[in-house]
**Student:** 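Here's a structure for you.
Below, all heavy atoms of this structure are taken into account, side chains as well, without hydrogens, waters or symmetry copies. By convention in this document, chain letters (A, B, ...) are assigned in the order of the sequence lines, proteins followed by strands, and residues within each chain are numbered from 1.
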2 protein chains.
Amino acid sequence: MAKQNTVFKEAFNRCLDILAGSDTLPSEPELGARLGVSRTTIRSILARLEEIGLLTWDKRTKVVLRKPVPGDFFPDDETDSLAEIIERSFMRRILAGGAQPGMQINELELARDIGTGTTSVREFLIRFSRFGLIEKRPNSHWVLKGFTREFALELTEVREMFELRSAAAFAHLPEDHPAWQELDAIEAVHRAILADIDIRYGEFSELDERFHLLVQKASKNRFIIDFYDIIAIVFHYHYQWNKANARTRNANALAEHLVYIDALRSRDPQKIEAACRAHLKSARETLLQSIN
Amino acid sequence: MAKQNTVFKEAFNRCLDILAGSDTLPSEPELGARLGVSRTTIRSILARLEEIGLLTWDKRTKVVLRKPVPGDFFPDDETDSLAEIIERSFMRRILAGGAQPGMQINELELARDIGTGTTSVREFLIRFSRFGLIEKRPNSHWVLKGFTREFALELTEVREMFELRSAAAFAHLPEDHPAWQELDAIEAVHRAILADIDIRYGEFSELDERFHLLVQKASKNRFIIDFYDIIAIVFHYHYQWNKANARTRNANALAEHLVYIDALRSRDPQKIEAACRAHLKSARETLLQSIN
DNA sequence: ATTTTGTCTTTTATCGACAATAGACAGATC
DNA sequence: GATCTGTCTATTGTCGATAAAAGACAAAAT
């Protein structure tokens, strides 16, 4: 098959959620805007909703016939885009499975392993190469440089440079900049998780990304903001496969974030720098510990 | 056709240069190492050399029959890899041709324009996207963000951060590190070009890249070094299509480099920082002038 | 005992094809 | 007059196929 209809399936599932809370559905363009897909996809969704008896659809009238049941949803593993599947498989191989630095990466083998065409794997590797973990030998294979101590140190060196600058810039955002509200919202989630840390510590990973990305955005520099992708992906998989002491680690990081947030609000450069440095230092140590 | 044999043609041309200065050719593996290609390609080259009567080839004996003439070489436009062709076409479109920021980029149209398949264009765009000049809308087109003033400012901001750090690190390289010799060699070329500036000012572009890359390498950080690719490509095309006052600009930059080199050799952090800042400042201004 | 060559297999780079998805436009509906 | 729908076209994402190039291995030559 040429293309998996994962966009359709994923949007369909989200549409079931909308449908669950309403007796009727809005116009095609509005649905499209809400789900972030084109009208073509919306019409496929509506057609299927009608087909499985969830909806009567005639032009503008879209009447919900019954609430969706679990069986109406497409299974989760059919809604992931190919790029996501490839990324996960690949990261599992190189982060979780003990892949040696210097190892050759074979496009064809990877593709067969994942059950996909070579083109998609190739494009993934090209995209992924900017993370500095692999390198191409032209007309030949890719080389795995590995998730090594050096990698982590180089990564965090740049991260610290960038984040210190972004944090300093944050203090100069105008009073009415939406970032301040977002900061309030993020703080609230921090407190909520901390209050219920034994249960909710797993939510930290996502919150961490949200917070740091907000800070980096204050730099208004695309290179600094884009670089955060690398941090995010490394930490994302790092959290996912390295759960030792997760509760304690995350509780500490949450506390550090709160100090950091407080410093940002104070707009005091010294206070910001100190809080930022302190947090980045412990983040680096956490990362390094997971390597050796 | 599935693949152009540009590797063969390009290596063949370089082999003619080797052949011009010798009566015989070395072993296949050695030739391969010298030209940076596999033995398979070497054997194709040898076969063709024999075919056009430049060589008798029987196992180890490879006797040159005559000197190559211009007609023996493959034409230049057949030796560029597809990736190079695509890059040039694309850069001409967006830097030379007045492409508007926000413009959509169409893979199919680009491919037809360049006379190539869509896959290659696609892969190029993915690779190129890390330069921050284009952005992908998933399942839809690419958007040209444009070579704008903001782009130049964001680029130079990071460049300055990185280069100041690299320059500082340079001072700490051990006495016997090869970088010091390379620095001497680079300085010598500077002086040679300056002594003959009216004729040789065009050689500055390449030298500039060589010098700054050497400095960045002192950081020993792959992200810093890789970032220099972006600088290099931007300045490369910038020099190529913006020749106004090139002689004066390059003469100034050469002089600044000499001060900078001298500072590096002194290992005095303050002197280094001052020289580095001064040069980066004027480099930034030069770049900005070419935009508005 | 290396190094070189002959032969064969594997892998990459590139193409064209096709389903999924986006998007354009005119006519219909509020 | 604005928004919505029906219909049609254009573009992207993915695949399998194929020539170019890399590379493995054993036999041959130094």
**Student:** Give me the bend of the helix from dA1(C)-dT30(D) to dC30(C)-dG1(D), using the axes of the five pairs at each end, rounded to 10°.
**Tutor:**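 About 40° separates the two local helix axes.
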**Student:** Could you say whether G115(B) or W142(A) is positioned toward the 5' end of DNA chain C, judged by the nucleotide with the nearest heavy atom to each?
**Tutor:** W142(A)
**Student:** Using a 4.0 Å heavy-atom cut-off, does R137(B) contact any base of the nucleic acid, only the sugar-phosphate backbone, or nothing at all?
**Tutor:**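 If one applies the 4.0 Å heavy-atom cut-off, R137(B) turns out to touch nothing in the nucleic acid.
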**Student:** Taking only residues two or more places apart in sequence, or in another chain, which ones meet D17(A) in a salt bridge (Lys or Arg N to Asp or Glu O under 4.0 Å)?
**Tutor:**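 Partners of D17(A) by the salt bridge (Lys or Arg N to Asp or Glu O under 4.0 Å) criterion come out as none, since no residue qualifies.
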**Student:** Tell me the interatomic distance from F124(A), atom CZ, to dT14(D), atom P, rounded to whole angstroms.
**Tutor:**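 To the nearest whole Å, that distance equals 13 Å.
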**Student:** Given atom CD of E50(A) and atom P of dT5(D), what is their separation to the nearest angstrom?
**Tutor:** 13 Å
**Student:** In whole angstroms, how far is the P atom of dA21(D) from the CZ atom of F12(B)?
**Tutor:**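 Distance, rounded to whole Å: 13 Å.
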**Student:** K145(A) versus R222(B): any side-chain heavy-atom pair under 4.5 Å?
**Tutor:** yes
**Student:** Go through the structure and list residues passing salt bridge (Lys or Arg N to Asp or Glu O under 4.0 Å) with R14(B), not counting sequence neighbours.
**Tutor:**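 So R14(B) forms a salt bridge (Lys or Arg N to Asp or Glu O under 4.0 Å) with E10(B).
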**Student:** Tell me which nucleotide among dT5(D), dT11(D), dA13(C) gets nearest to the side chain of L108(B).
**Tutor:** dT11(D)
**Student:** Assign each of D58(A) and V121(A) to its nearest nucleotide of DNA chain D by heavy atoms, then name whichever residue's nucleotide is nearer the 5' end.
**Tutor:** D58(A)
**Student:** Just how far, in rounded Å, is C1' of dA13(C) from CZ of R127(B)?
**Tutor:**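 Taking atom C1' of dA13(C) as the reference, CZ of R127(B) is at 11 Å.
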**Student:** So, is K62(A) near the phosphate of dT5(D), with a side-chain N or O under 4.0 Å from OP1 or OP2?
**Tutor:** yes
**Student:** If we only count heavy atoms from C-beta on, is the L54(B) to L65(B) side-chain gap below 4.5 Å?
**Tutor:** no
**Student:** Please state whether the rings of H238(A) and F235(A) are parallel, tilted or perpendicular, taking 30° and 60° as the class boundaries.
**Tutor:**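 Plane angle over 60°, so perpendicular.
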**Student:** Atom CH2 in W57(B), atom CD in E28(B): separation rounded to 0.5 Å?
**Tutor:**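 If we round to the nearest 0.5 Å, W57(B):CH2 and E28(B):CD are 5.5 Å apart.
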**Student:** Counting only heavy atoms and a strict 4.0 angstrom limit, can you tell me which residues of residues 75-90 of chain A come near DNA chain C?
**Tutor:**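 When residues 75-90 of chain A is checked for heavy atoms under 4.0 Å from DNA chain C, there are no hits whatsoever.
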**Student:** Considering residues at least two apart in sequence or located in another chain, which fulfil the salt bridge (Lys or Arg N to Asp or Glu O under 4.0 Å) criterion with R66(B)?
**Tutor:**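 Scan of R66(B) (salt bridge (Lys or Arg N to Asp or Glu O under 4.0 Å), adjacent residues dropped) gives D72(B).
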**Student:** Which nucleotides of nucleotides 18-27 of chain C have their base under 4.0 Å from a protein heavy atom (B), which only their sugar-phosphate (S), and which neither (-), written as one string 5' to 3'?
**Tutor:** BSBBBBB---
**Student:** Which whole-number value in Å describes the distance from R43(B) CZ to dT9(C) C1'?
**Tutor:**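 After rounding, the gap between these two atoms is 15 Å.
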**Student:** Do the numbers put R48(B) on top of the ring of F12(B), so that NZ or CZ is under 6.0 Å from the six-membered ring centre and no more than 45° off the axis?
**Tutor:**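 Ring-cation test returns yes.
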**Student:** Given the ring of F227(B), does R159(B) sit roughly above its face, with NZ or CZ under 6.0 Å from the centre of the six-membered ring and within 45° of the axis?
**Tutor:** no
**Student:** Which comes earlier along DNA chain D counting from the 5' end, the contact point of G117(A) or that of E109(B), where each point is its nearest nucleotide?
**Tutor:**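 Final value for this comparison: E109(B).
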**Student:** Identify whether any heavy atom of S27(A) sits under 4.0 Å from a base atom; if not, whether one sits that close to sugar-phosphate; answer base, sugar-phosphate or nothing.
**Tutor:** sugar-phosphate
**Student:** Check step by step if side chain to side chain contact (heavy atoms under 4.5 Å, CB included) holds for V63(B) and L55(B).
**Tutor:** CA-CA 5 Å; V63(B) 183; L55(B) 192 76; 5.7 Å; no
**Student:** Please give, in whole Å, the distance from dA28(D) C1' to E28(B) CD?
**Tutor:** 13 Å
**Student:** OP1 or OP2 of dC15(C) versus the side-chain N and O atoms of T118(B): is any pair under 4.0 Å?
**Tutor:** no
**Student:** Could you check if a side-chain atom of F147(A) sits within less than 4.5 angstrom of a side-chain atom of I291(A), using non-hydrogen atoms only?
**Tutor:**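 Yes, at least one pair of side-chain atoms sits under 4.5 Å.
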**Student:** May I have the distance from E123(B) (atom CD) to dT12(D) (atom P), rounded to whole angstrom?
**Tutor:** 15 Å
**Student:** Between L35(B) and A11(B), which heavy-atom pair has the shortest distance, and what is it?
**Tutor:**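 It is CD1-O, 3.9 Å.
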**Student:** Under 4.0 Å: is that the gap between some side-chain N or O of R122(A) and OP1 or OP2 of dT12(C)?
**Tutor:** no
**Student:** Rounded to whole angstrom units, what separation is found between the CG atom of L31(A) and the P atom of dC4(D)?
**Tutor:** 11 Å
